[in-house]
J.: 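Let me give you the structure first, and then I'll get to my questions.
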Amino acid sequence: MEIFLSIIIGISLSAAAGFRVFIPFLVLSICSYAGWINLGEGSSWIGTVPAMISFGVATAAEIGGYYIPWIDNMLDLISLPASLVAGALLSSSVIVDLDPLLKWTLAIVLGGGAALNTQVLTIKARALSSVFTTGIGNPIVSTIESVASSVISILAIFLPILALIALGIAIFFTYRIIRKATLMLKTQKI
C-alpha cells in the first residue's frame with residue numbers, strides 16, 4: 001500500500017509540475033524539510049535549505065514571468081521539456097522501496113507523462129486565451145494554473161487520493177474548455 005501511495009504522490013506532483021514546474025518542488029522541499037514526507041535515496045538534497053531557497057526564487061520568477069504578456073507563451077517553450085524532466089524527478093524522489101529500474105521506469109513513464117500531458121493542456125489553454133483575448137486573459141489563466149499547481153502539490157503530500165481526484169477534475173474541465181474554444185474557432189474561422 002505504501003508503494004501505491006508513493007506512486008500516486010509522484011504522479012500528482014508530476015502533473016502539478018505541468019501547471020508550474022517549480023511549485024511542486026518548493027512544496028516537496030518544504031514538506032521534506034519539515035519531516036512530513038520521506039524522500040528516496042539520492043533525493044534528500046530536495047529537502048535542504050539551499051534547495052528550498054532556490055525553489056522559492058525559481059517559483060517566484062516562473063510565476064512572475066507568466067504575468068508578462070507574450071513572455072508567458074515563450075515560457076511555454078521552455079517549460080514543456082522542463083516539465084517532463086521535473087515530472088520524472090519528482091516521481092523518482094517520492095517513490096521509495098522499489099528496484100531502481102522499476103522506479104525510474106515508473107518515474108519517466110507515469111511522472112514524465114503526467115507532467116507532459118498537463119503541460120500540453122496549459123499551453124493550449126494559454127494559446128486560446130491569447131487568440132480570444134489578445135493576451136489580456138492570460139493572467140487569469142496563469143493564476144488558475146498557479147493555484148492548481150499549489151493545491152494539487154499540497155494535496156499530493158497530505159491527501160494523495162484526493163489530489164489524484166482533484167487532478168482528474170482539473171484536467172477534465174480544462175480539456176472541455178479547450179475543446180469548446182477550439183470548436184468555436186473552427187466554426188467562426190477566427
Side-chain angles (χ1 to χ4, degrees), residues 1-63 75-123 145-146 148-172 174:
M1 185 65 164
E2 188 174 321
I3 292 172
F4 178 70
L5 283 177
S6 68
I7 292 170
I8 290 175
I9 292 169
I11 291 170
S12 299
L13 287 171
S14 298
F19 289 114
R20 287 289 174 271
V21 172
F22 291 106
I23 289 175
F25 277 110
L26 179 60
V27 169
L28 184 60
S29 182
I30 291 167
C31 291
S32 174
Y33 184 77
W36 295 328
I37 189 166
N38 295 320
L39 299 176
E41 190 176 315
S43 299
S44 60
W45 63 271
I46 293 172
T48 64
V49 172
M52 208 179 325
I53 292 168
S54 298
F55 292 139
V57 170
T59 296
E62 181 182 29
I63 289 172
L75 281 173
D76 282 336
L77 294 174
I78 299 166
S79 63
L80 184 66
S83 67
L84 178 64
V85 172
L89 286 174
L90 286 161
S91 286
S92 72
S93 67
V94 297
I95 297 174
V96 294
D97 300 329
L98 274 182
D99 174 68
L101 177 63
L102 182 57
K103 171 184 172 172
W104 278 102
T105 301
L106 289 172
I108 292 167
V109 173
L110 297 178
L116 186 63
N117 285 323
T118 306
Q119 180 63 28
V120 167
L121 283 176
T122 63
I123 289 171
E145 291 170 355
S146 295
S149 182
S150 300
V151 168
I152 290 169
S153 295
I154 292 167
L155 286 175
I157 304 295
F158 298 106
L159 300 166
I161 303 292
L162 187 57
L164 203 57
I165 293 168
L167 181 61
I169 292 168
I171 289 172
F172 173 77
T174 303

J.: Start with the C-alpha gap between Ile37 and Ile9, add the side-chain angles, then the distance that decides, and say whether side chain to side chain contact (heavy atoms under 4.5 Å, CB included) holds.
T.: CA-CA 10 Å; Ile37 189 166; Ile9 292 169; 4.2 Å; yes
J.: With side chains defined as the heavy atoms from C-beta onward, is the minimum distance between Leu89 and Ile46 less than 4.5 Å?
T.: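 No, side chains not in contact.
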J.: Using a 4.5 Å cut-off on heavy atoms from C-beta on, say whether the side chain of Leu164 contacts that of Leu155.
T.: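 With C-beta onward as the side chain, the pair stays apart.
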J.: Side chain to side chain contact (heavy atoms under 4.5 Å, CB included) for Ser93 and Leu28? Distances and angles first, verdict last.
T.: CA-CA 9 Å; Ser93 67; Leu28 184 60; 3.4 Å; yes
J.: To the nearest 0.5 Å, tell me how far Ile23 CD1 sits from Ile154 CD1.
T.: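 Between Ile23 CD1 and Ile154 CD1, I get 9.0 Å after rounding to 0.5 Å.
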J.: Drop me the distance from Leu13's CG to Ser149's OG, to the nearest 0.5 angstrom.
T.: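 Rounded to the nearest 0.5 Å, the CG-OG separation comes to 9.0 Å.
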J.: Just by modelled atom types, is the Ile3 backbone N or O under 3.5 Å from a matching donor or acceptor in the Ser6 side chain?
T.: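 Here the side-chain-to-backbone pair exists.
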J.: If you define the side chain from C-beta out and look only at heavy atoms, does anything of Val27 sit under 4.5 Å from Cys31?
T.: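 Side-chain contact under 4.5 Å: yes.
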J.: I'd like to know if the side chain of Lys103 reaches the main chain of Ser92, judged simply by a donor and an acceptor atom lying under 3.5 Å from each other, with no hydrogens or angles considered.
T.: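 Looks like yes, one N/O pair under 3.5 Å.
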J.: For the pair Trp45 and Phe55, name the ring-plane relationship: parallel under 30°, tilted 30 to 60°, perpendicular over 60°.
T.: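 Aromatic pair Trp45/Phe55 classed tilted.
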J.: Side-chain contact, heavy-atom cut-off 4.5 Å: Phe19 with Leu167?
T.: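 Yes; the side chains approach each other to less than 4.5 Å.
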J.: Can you name the closest pair of heavy atoms from Leu39 and Gly47 and give their distance?
T.: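 So the minimum-distance heavy-atom pair works out to CD1-N, 3.9 Å.
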J.: Nearest 0.5 Å, what's the OG-CD1 distance between Ser146 and Ile63?
T.: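 CD1 of Ile63 is found 4.0 Å from OG of Ser146.
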J.: For the OG atom of Ser91 and the CG atom of Leu110, what is their distance to the nearest 0.5 Å?
T.: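 Spacing of OG (Ser91) from CG (Leu110) equals 7.0 Å.
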J.: Between Thr48 and Tyr33, is any pair of side-chain heavy atoms under 4.5 Å apart?
T.: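 SC-SC contact between Thr48 and Tyr33 ruled out.
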J.: Would you call Val94 and Leu90 a side-chain contact if the rule is heavy atoms closer than 4.5 Å?
T.: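 No, their side chains stay 4.5 Å or more apart.
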J.: Identify, with sequence neighbours excluded, every residue that meets ring pair (Phe, Tyr, Trp, His ring centres under 6.0 Å) alongside Phe22.
T.: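 Listed in chain order: nothing, the list is empty.
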J.: Could you tell me if the side chain of Pro24 sits less than 4.5 Å from the side chain of Ser14, heavy atoms only?
T.: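 Ser14 vs Pro24: side chains apart.
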J.: Might you work through the salt bridge (charged side-chain N to carboxylate O under 4.0 Å, His left out) test for Glu62 and Arg20, ending with a clear yes or no?
T.: CA-CA 8 Å; Glu62 181 182 29; Arg20 287 289 174 271; 5.1 Å; no
J.: Applying the side chain to side chain contact (heavy atoms under 4.5 Å, CB included) criterion to Ile123, which one of Leu80, Leu77, Leu75 satisfies it?
T.: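 Of the listed options, the one satisfying the test is Leu80.
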J.: Between Asp97 and Glu2, is any pair of side-chain heavy atoms under 4.5 Å apart?
T.: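 A side-chain contact under 4.5 Å exists here.
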J.: Using the side chain to side chain contact (heavy atoms under 4.5 Å, CB included) rule, take Ile161 and Leu5 through it: C-alpha gap first, then chi angles, then the decisive distance, then the call.
T.: CA-CA 8 Å; Ile161 303 292; Leu5 283 177; 4.2 Å; yes
J.: Going from OG1 on Thr174 to CD on Glu145, what distance comes out if it is rounded to the nearest 0.5 angstrom?
T.: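 Those atoms lie 8.5 Å apart.
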J.: Measure the spacing between CD1 of Ile95 and CD1 of Ile8 and express it to the nearest 0.5 Å.
T.: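 Between Ile95 CD1 and Ile8 CD1, I get 11.0 Å after rounding to 0.5 Å.
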J.: Testing the basics here: between Ile11 and Ala114, what is the closest heavy-atom pair and its distance to 0.1 Å?
T.: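 That closest heavy-atom pairing would be O-CB, 3.9 Å.
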